[in-house]
Amino acid sequence: MALAVSAVAVSVWAAVGPTRTFRTTASMPVVFQDVDLGGKPSFGLATIEGHDLVNLALGTSLTNRRTNEVLALEIDCGSTVVSLVVFDKTLGTNIATIATSTTLDVVTDQGKDTAAFPNKERFVAQMAVQASGNATNALISGQLTLSGRLQLNPTNGCPQAVLRDHDRFDRVFKDGEFRSGDDKLEIRLHDFHQAGQAHLMGVVNLIAEEKTTKVLIPFGSLSIKRQLNP
């Protein structure tokens, strides 16, 4: 009975409003179909990071290490839609959608705070990968399950970045800090603000260097960092 009450209570806090976009880094060990020297089936292993997703979404070379067009997570204040996007820091806006939620479910936690809104939520989103790019490098299709934690502003319920804070459930759900190539390229070492942590799994059909490949993602990590849009 307690679980039923908690699930219903989530809708009380949902108030659809403006979106927030957060700089996000990602590291995803992946497996794909390969063959060995004898022509027999074998596992192919690789790692996809945030800049790789950006290049696939924009149809540019995977060797292009971008610092202006970056991976980001967009979510509305009512926590009803979440998307992985490409954010252009010069233009100050999203320029491409990588994947967007088809369903999004949340549970919230108010902790000891007495403000009107909870200050944390955990979410699970089923996401559809959006077709993009070109014949050389592109995202074709796919499905992802994204799960994680977001910090909420207790005065309005919107996601917000706060000084890095670990939730007691992070270790249970395998959400934790990691280093990616994007950290070395673009993330400021003194930036200790973070909106949350997440992980994902799924399958993506893509074209990489003119080769069509189905990529399985058994487990990938995301770090949801500072807010990018005003």
Side-chain angles (χ1 to χ4, degrees), residues 21-34 42-67 69-75 82-87 94 96-104 122-133 136-150 170-187 194-209 211-225 228:
T21 301
F22 299 92
R23 177 68 173 100
T24 300
T25 56
S27 183
M28 295 170 284
V30 302
V31 59
F32 56 91
Q33 187 63 66
D34 204 352
S42 65
F43 294 141
L45 301 176
T47 297
I48 293 177
E49 296 197 330
H51 57 269
D52 297 314
L53 290 175
V54 169
N55 282 318
L56 288 166
L58 299 180
T60 51
S61 171
L62 297 182
T63 61
N64 189 348
R65 304 301 291 270
R66 295 177 178 273
T67 58
E69 299 87 1
V70 296
L71 181 68
L73 187 85
E74 179 188 81
I75 186 167
V82 62
S83 300
L84 283 171
V85 300
V86 177
F87 184 88
N94 302 336
T97 299
I98 295 170
T100 193
S101 61
T102 54
T103 64
L104 176 60
R122 287 200 170 270
F123 66 91
V124 173
Q126 301 294 327
M127 308 183 77
V129 175
Q130 306 297 297
S132 59
T136 302
N137 296 294
L139 296 171
I140 301 174
S141 62
Q143 302 83 38
L144 300 173
T145 298
L146 178 66
S147 177
R149 166 181 57 84
L150 282 171
D170 284 349
R171 182 173 296 181
V172 175
F173 299 126
K174 311 302 182 185
D175 293 323
E177 284 295 319
F178 64 94
R179 295 302 301 272
S180 73
D182 291 341
D183 288 299
K184 299 175 184 177
L185 284 170
E186 184 262 341
I187 299 298
Q194 190 178 71
Q197 300 277 4
H199 58 273
L200 60 77
M201 63 180 298
V203 57
V204 177
N205 298 299
L206 55 84
I207 300 172
E209 309 304 335
K211 182 179 180 181
T212 302
T213 306
K214 176 177 289 188
V215 173
L216 306 184
I217 307 172
F219 190 92
S221 298
L222 285 82
S223 183
I224 309 165
K225 298 180 180 291
L228 292 172

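Computation of the quantities below employed the complete heavy-atom set of this structure, encompassing side-chain atoms and omitting hydrogens, waters and symmetry-equivalent molecules.
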At what distance, to the nearest 0.5 angstrom, does [atom1] of [X] lie from [atom2] of [Y]?
X	Y	atom1	atom2	value
Leu139	Leu53	CG	CG	6.5 Å
Leu206	Lys214	CG	NZ	11.5 Å
Gln126	Thr103	CD	OG1	4.5 Å

For [X] and [Y], work out which heavy atoms get closest and say how close.
X	Y	value
Leu228	Ala72	CD1-CB, 3.9 Å
Phe32	Leu45	CE2-N, 3.8 Å
Val82	Ala125	CG1-CB, 3.6 Å
Leu222	Gln197	O-OE1, 3.3 Å
Ser27	Thr47	OG-CG2, 3.9 Å
Leu144	Ala99	CD1-CB, 4.2 Å

With [X], which residues qualify under side-chain contact (heavy atoms from CB on, under 4.5 Å), at least two apart?
X	result
Ile140	Asn205, Ile207, Thr212
Ser147	Val124, His199
Gln143	Val203
Gln130	Thr97, Thr100, Ala128

Check whether any side-chain heavy atom of [X] lies under 4.5 Å from a side-chain heavy atom of [Y], and answer yes or no.
X	Y	value
Met127	Leu200	no
Leu62	Leu56	yes
Ile217	Ile48	no
His51	Val70	no
Leu150	Ile75	yes

Counting only N and O atoms by type, is there a donor-acceptor contact under 3.5 Å from the side chain of [X] to the main-chain atoms of [Y]?
X	Y	value
Ser83	Val85	no
Arg23	Ile224	no
Asp52	Glu49	yes
Asn64	Asn55	no
Ser223	Ser221	no
Asn137	Glu209	yes

With sequence neighbours left out, write down each residue that passes side chain to side chain donor-acceptor pair (under 3.5 Å) with Gln33, or none if nothing qualifies.
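None.
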
Return the set of residues passing salt bridge (Lys or Arg N to Asp or Glu O under 4.0 Å) with Glu69 (not counting sequence neighbours), or none when no residue passes.
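Counting only residues at least two positions away or on another chain, Glu69 forms a salt bridge (Lys or Arg N to Asp or Glu O under 4.0 Å) with Arg66.
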
